[in-house]
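To start, the structure itself, in structure tokens.
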Amino acid sequence: MTRVDWHTYFMNIARQAATRSTCDRKHVGAVIVRDKTILSTGYNGSIRGMPHCDDVGHLMENDHCVATVHAEANAIIQAAKNGVRIDGAELYTTASPCWNCFKLIANAGISKVYYGEFYRDERSIEVAGQLGIELIDLSKQA
């Protein structure tokens with residue numbers, strides 16, 4: 001068995017987190033890491049205590065289910081809830097962040113975002129360059 005590199009390792013964990021998703025429209029997982037140590041994880045799902053999309057259906061606006069909290073946001077929230085500092089950390093996510101999640105990522109001080117597939121929004125890629133946040137598409141790496 002070949003030992004996987006760090007990017008593969010953390011992206012595999014993000015993919016595993018995505019299996020907890022409760023919105024069947026898209027399963028996304030995220031992992032926040034610093035110094036090769038996992039600080040927090042998240043997946044997209046309903047607000048705590050609310051019914052899951054998979055159980056009661058979707059709340060759709062502009063072709064998006066707005067009942068869910070996205071994986072990246074949940075990973076940031078989980079870190080905050082547990083008092084974990086994520087400034088300067090890196091984030092692995094199975095899909096590139098939407099604009100709203102990118103704003104949270106930027107303001108949380110996350111310095112690099114590795115993603116497994118591009119998802120919808122070019123704005124985060126454009127603004128990341130202006131802010132010095134690296135967005136790295138791991139689907140393009142061999």
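Follow the hydrophobic side-chain contacts under 4.5 Å out from Val33 and you never reach Leu39; the two are in separate clusters. Put simply, Ile77 and Val31 are part of two different groups of oily side chains (I, L, V, M, F, W, Y) that touch within less than 4.5 Å, one to the next. Residues Ile38 and Ile76 do not share a hydrophobic cluster, defined by chaining ILVMFWY side chains whose heavy atoms lie under 4.5 Å apart. Under a hydrophobic clustering in which Ile, Leu, Val, Met, Phe, Trp and Tyr are joined whenever their side-chain heavy atoms come within less than 4.5 Å, directly or via other members, Tyr114 and Phe118 fall into different clusters. With hydrophobic clusters built from ILVMFWY side chains whose heavy atoms lie under 4.5 angstrom apart, Phe10 does not share a cluster with Val84.
Considering all non-hydrogen atoms of both residues, Gly42 and Ala17 come closest at O-CB, 3.8 Å. The minimum heavy-atom distance linking Gly116 with Ser139 is given by the pair O-CB, 3.1 Å. Among all heavy-atom pairs drawn from Pro97 and Glu72, the shortest one is CA-OE2, 3.4 Å. The minimum heavy-atom distance linking Ala18 with Gly29 is given by the pair CB-N, 3.4 Å. Contact detail for Ser46 and Cys53: the closest heavy-atom pair is OG-N, 3.7 Å.
Atom CH2 of residue Trp99 and atom CD of residue Glu126 lie 8.5 Å apart, to the nearest 0.5 angstrom. Atom CG in Asn74 sits 10.0 Å away from atom CD1 in Ile47 (nearest 0.5 Å). Tyr43 contributes atom OH, which lies 9.0 Å from atom CD of Gln78 (distance to the nearest 0.5 angstrom). Rounding to the nearest 0.5 Å places CD of Gln16 at 12.0 Å from OG1 of Thr94. The line from CD1 of Ile13 to OG1 of Thr41 is 9.0 Å long, rounded to the nearest 0.5 Å. Atom NE2 in His27 sits 8.5 Å away from atom OG1 in Thr22 (nearest 0.5 Å).
More than 12 heavy-atom neighbours from other residues, nucleotides or ligands sit within 6.0 angstrom of CD on Glu117. Annotation for Arg34: atom CZ counts as buried by contact number, over 12 foreign heavy atoms lying within 6.0 Å.
With contacts defined as side-chain heavy-atom distances shorter than 4.5 Å, the pair Glu90/Ser111 qualifies. Side-chain contact between Ile133 and Ile110 is absent, with no heavy atoms from C-beta onward closer than 4.5 Å. Residues Val28 and Thr93 meet the side-chain proximity criterion, which asks for heavy atoms closer than 4.5 Å. Side-chain contact between His7 and Tyr92 is present, with heavy atoms from C-beta onward closer than 4.5 Å.
Across Asn107, Leu131, Val113, a single residue satisfies side chain to side chain contact (heavy atoms under 4.5 Å, CB included) together with Phe102, and that is Leu131. Partner Leu135 forms a side chain to side chain contact (heavy atoms under 4.5 Å, CB included) with one of Ile125, Val127, Ile105 and no other, that one being Ile125. None of Ser124, Cys101, Ser96 except one satisfies the side chain to side chain contact (heavy atoms under 4.5 Å, CB included) rule with Tyr119; the exception is Ser96.
There is no side-chain donor-acceptor pair under 3.5 Å between Thr37 and Asp35. Looking at Thr68 and Asn44, their side chains never bring a donor and an acceptor atom within 3.5 Å of each other.
Side-chain atoms of Ser40 do not come within 3.5 Å of backbone N or O of Ile32 as any donor-acceptor pair.
Note: Tyr9 and Trp6 have perpendicular aromatic rings, judged against thresholds of 30 and 60 degrees for the angle between ring planes.
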